[in-house]
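See below for the structure under consideration.
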Amino acid sequence: MSQLNRLARGGRIDRSRKLSFTFNGKRYQGHAGDTLASALLANGVDIVNRSFKYSRPRGIVAAGAEEPNAVVQLGKTEAGQVPNVRATQQALFDGLEACSTNGWPNVQRDMMSLVGKLGGKFMPPGFYYKTFMAPASMWMTYEKVIRKSAGLGRSPMENDPDIYDHLHQHCDVLVVGAGPAGLAAALAAARSGARVILVDEQEQMGGSLLDTRELLDDKPADQWVAEALQELAGLDNVTLLPRTTANGYHDHHFVTLHERRTEHLAETAPLKDGRRQVRSRMHRVRAGRVVLATGAHERPLVYGNNDVPGNLLAGAVSTYVRRYGVVPGKRLVLSTSNDHAYRAALDWLENGCEVVAIADARANPDGELVEQARAQGIRIITGSAVIEAKGESRVSGARVAKVDLDGFRVAGAVETLDCDTIASSGGYSPVIHLASHTGGRPTWRDDILGFVPTLVKGVSAAGGAQGVYATGEVLTDGVAAGRQAAAEAGFEAASVSLPQVAARRDGAACALYQVPHEKPTLRAPKQFVDLQNDVTAAGIEVATREGFESIEHVKRYTAMGFGTDQGKLGNINGMAIAARLLGRSIPEVGTTVFRPNYTPVTFGAIVGRHCRELFDPERYTAMHQWHVEHGAEFEDVGQWKRPWYFPRQVDGKTESMFDAVARECRAVREAVGILDASTLGKIDIQGPDAREFLGRVYTNKWAKLAPGRVRYGLMCKDDGMVFDDGTTSCLGENHFLMTTTTGGAAGVLEWLELWHQTEWPELDVYFTSVTDHWATMTVTGPEARKLMSEVTDIDLDKEAFKFMDWREGSVAGVPARVFRISFTGELAYEINVQANYALHVWETLFAHGEKYGLTPYGTETMHVLRAEKGFIIAGQDTDGSVTPEDLGMHWAVGYDKPFSWIGQRALTRPDTARTDRKQLVGLKPRNAKVVLEEGAQIVFDPKHAIPMPMVGHVTSSYYSPTLDSGFALAVVKGGQQKMGETVYLPMADGQVHEAEIVSPIFLDPKGERQNV
Amino acid sequence: MFYIHCPYCGELREEEEFHPKGQAHIARPADPASCSDEEWGDYLFFRDNPRGIHHELWVHAVGCRKFFNITRHTVTYEILETYKMGEQPRFTAEYPEGRPSRDRVEPAPLREGVRA
């Protein structure tokens, strides 16, 4: 396949290295140094996509990150699929396969374009909102169809084989962009000794110097680029990151840099020495100072049919000709509002192609480039612009007319010029995205017709990023910014001698955004503002007519700037059009806010190594391996892996969860069971004021708890709502051990420290988390004492070691603390030993326990057993709106303690003292087979018209093998006064369950079983 | 992501090491029982939401575990100072450029608690 648009000479490509690739199933050839876009243009591929809404054929418009149309799906293999790749930023590699993102059955003949043609009038802005609004239940169906016809790329259906890294870095000066400003800034900062990181998103550093016509010291500009890069590469204090996008500028100069290391080589990272290379890295940089040398994006003009393939940015034409050796057409018409764009015509002409004319919107253009064009004999039509492109799948002509800019009208006869390419330029917009991320609203400058960034302390902009465009001035600006940044970071400024650049006299540009047409905007051929989202000037006009006056509303109504390109090309034009329609100035209308990321970032790079087993830390108890070996199913509780239940193998089949839990429950109620309770939070509290402190943070009294005794405590916030509970044991007069819920451990410690450090620093008390130091195993059931007597030297006599006592001694030969507390309602011993010895103790218990039927149980059985006893789980049966009184736990409240403990005052607030608050009760389903759904809403009157007043919900619900019935805990309005009454639970499937309000204690209400 | 100077460690550390704990200088009334419901409600629920200088309580959760205060500008997110418990801020809504040094406020004396 011949590269019909490829020049014989010139450009920064390697003609000796041919690369073959396929696009939409057809094979083409390009060269090393090409982007996918330049290779497609070289091969004369006009249509690269179909548009989002109207399905119009679209071609390549730009040469960089701002490209709206050439957004392709990359990937030969399923795992290697990459959606929404900008062909202008994808380096060509041998074997690359890509296809258009939109278009069915293909981009050349697209069925949906019929809809676009017919439907232009029928698809105004807000079309989807207006058309697919009702019925709401159908939205999911609509959405699928809409996504298929209008959607962007697809994600791979297989796991990503690639590896991504995160790197954390510090530097004194971060320079973003390695064009003339960035290179000069980096040189200045680096020579002063500052640690410098220089990033650039392109394949090669150099920015505009890679395709400029200007000479530096009378030599081609890329020679100076090479010298500068060579110097920087040789400095130890400099890190050069090419192919790296600064995609997010976060607080306090935290910048995320996405470095693509292998995407220019293959779709998945190639192997090196048998190991897969890292595909990309996310550098998380904390910079001392930042220089934004991000340049500017050229704005296209908005004229009729400006989306037909063959309409390009003037600057992109220059880039393709000079950097890639590609002339993407034969006959060019240039439409411009400024001098700079004349380069496109000159570059075009010098490579032997025809420049039909330049339509310059200014009455008397007279800059040097204009003179050069005149001298070359190019026809310049002044005071004019291209008002409409002709052609469908490729530009076939340009309609040019005199335009009255102030009156916004066509002011003369229309001339149709025969051409195949229209280049346009409406001026330049500084790339202010990163500065926007830091929250600065940009400022409009009439002299450069663009927004410049508003900068926070410690960041500066240089060159095009702040509207300085002449190459010589850009270099000077860059040096100044680099010197200043280094000086602010504490380094002595170094001198940089810059190359000489001949000053060029440029004429003033004029303000032109939307070009007037003979017909009013609503009747003229479509004039596209945002090519990726098919937002037209007419669409913006409709939006303003319908009353959307804020630019943020216009944006959301029309979807302008919503694409993967984030409106890099179209936004300023859209704002200018809205401003004209609303009779305001552009600064009055303002801009929308750019947010991270600057260009899309693959999820892999965001996630880094934090995926699969490294997604979140996992915490294991000392007995974890035993649980694994004994077939436990695990439940995640916070970061802990807790055994959920221990299914047995019965006749080669794995016992069901229901059967396993029923068996484990029976074992505890009838014999003895054992639970690994190591995950409960444990806080060691010491100091002369420890007891006083406990009295302030717990609702109940601690003044008289003697060493050797244990007490249950409730903790409230100062709003009177329960947030944690647990037992605390008195280890010595000034020494306590507090237990917390598994999930609440870290929060409770922080809570204690908060009060100690901020309100009561005079209290002499110390807190230490000992959760991981002690392993805890609960031996519980009627046979527990017999089993314990075989392994411990502690006197287990029921009078010597009572319920709610703790004793020190040895268990299985290991020093232990044993607590007679019970979360099951049965006789129970909680054995605490140093975690390193725990497995030995656990195994010793099993060696002795077999004859008693010792059964390991997990969290599910623990839940059933505790709920049968009405023991709450803070965070499950409470939700931050439940007081101790709502729980019926007045017995755990010390109303007459002298210090106003945390939560006490709130209990008498009118709302907290209401008698119809939601209160904890038991629920007994009328049908014993029913296990109510946790979270199910409760009503008093199921015949009440919808919406029914909801009076509570189920907080815990299980099947109890002991009761042979479903049972539940719930909160019900005024429930404590409604014992015996019936409530109803209407379910989503139409069933209505009936349940009786009962005491939350279903078993052994007097606590006789645990107190033996 | 903030870059926070812990006044106890004396180092700038990443925000990941810290937890925010709400508005600073919210003192618990010394005698809650004598507060009206309204006063108690104000203490519990009402917080400032200024556009500008804001004093915040933070804790160096995976560092020294000390609580301290931050003066932060809620528009620019600039952290103007961090200071230890018991100290007063130098930057306030009244003195956005910093309090003159002769006006430095001495730390309040520690309050003696009521024993249970």
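Within every chain, numbering begins at 1; the chains are lettered A, B, ... in the order of the sequence lines, protein sequences first and strands thereafter. The analysis underlying the following values was restricted to heavy atoms, covering all of them including side chains, and did not include hydrogens, waters or symmetry mates. Note that the structure is a prediction, hence the values are computed from the model and not measured.
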For this session: Would you mind checking which part of Trp751(A) comes under 4.5 Å of any heavy atom in chain B, side chain (CB onward), backbone (N, CA, C, O), both or neither?
Result: neither

Exercise. Side chain, backbone, both or neither: which part of Trp702(A) has an atom under 4.5 Å from a heavy atom of chain B?
Worked result: neither

For this session: Look at Arg286(A), Glu750(A), Gln757(A) and state which one has the largest set of heavy-atom pairs under 4.5 Å with chain B.
Result: Arg286(A)

Problem set entry | Residue Arg47(B) excluded, over 12 heavy atoms near CZ under 6.0 Å | yes

Problem set entry | Cation-aromatic face contact Arg909(A)/Trp40(B), 6.0 Å, 45 degrees | no

Problem set entry | Interface moiety of Lys66(B) toward chain A, non-hydrogen atoms closer than 4.5 Å | both

For this session: Say whether Thr740(A) and Asp724(A), considering side chains only, have a donor N or O and an acceptor N or O under 3.5 Å apart.
Result: no

Problem set entry | Ring centroid separation His610(A) to Phe615(A) under 6.0 Å | no

For this session: Sort Ile79(B) into side chain, backbone, both or neither according to what part of it lies under 4.5 angstrom from a heavy atom of chain A.
Result: both

Seminar exercise, completed: The interface call for Met85(B) against chain A, heavy-atom contacts under 4.5 Å, is side chain

Exercise. What residue, out of Ala703(A), Gly458(A), Ala906(A), has the most heavy-atom pairs lying under 4.5 Å from chain B?
Worked result: Ala906(A)

Exercise. Among side-chain atoms of Thr912(A) and Thr883(A), is any donor-acceptor pair under 3.5 angstrom?
Worked result: no

For this session: Measure Ile4(B) against the heavy atoms of chain A and call it side chain, backbone, both or neither at under 4.5 Å.
Result: neither

Seminar exercise, completed: Assert top hit (heavy-atom pairs under 4.5 Å, partner chain B, pool His250(A), Arg691(A), His253(A), Glu753(A)) equals Glu753(A)

For this session: Check the surroundings of atom OH in Tyr77(B): do more than 12 heavy atoms from other residues, nucleotides or ligands lie under 6.0 Å from it?
Result: no

For this session: Report yes or no: does Lys897(A) contribute a side-chain atom to a donor-acceptor pair with the main-chain N or O of Gly695(A) at less than 3.5 Å?
Result: yes

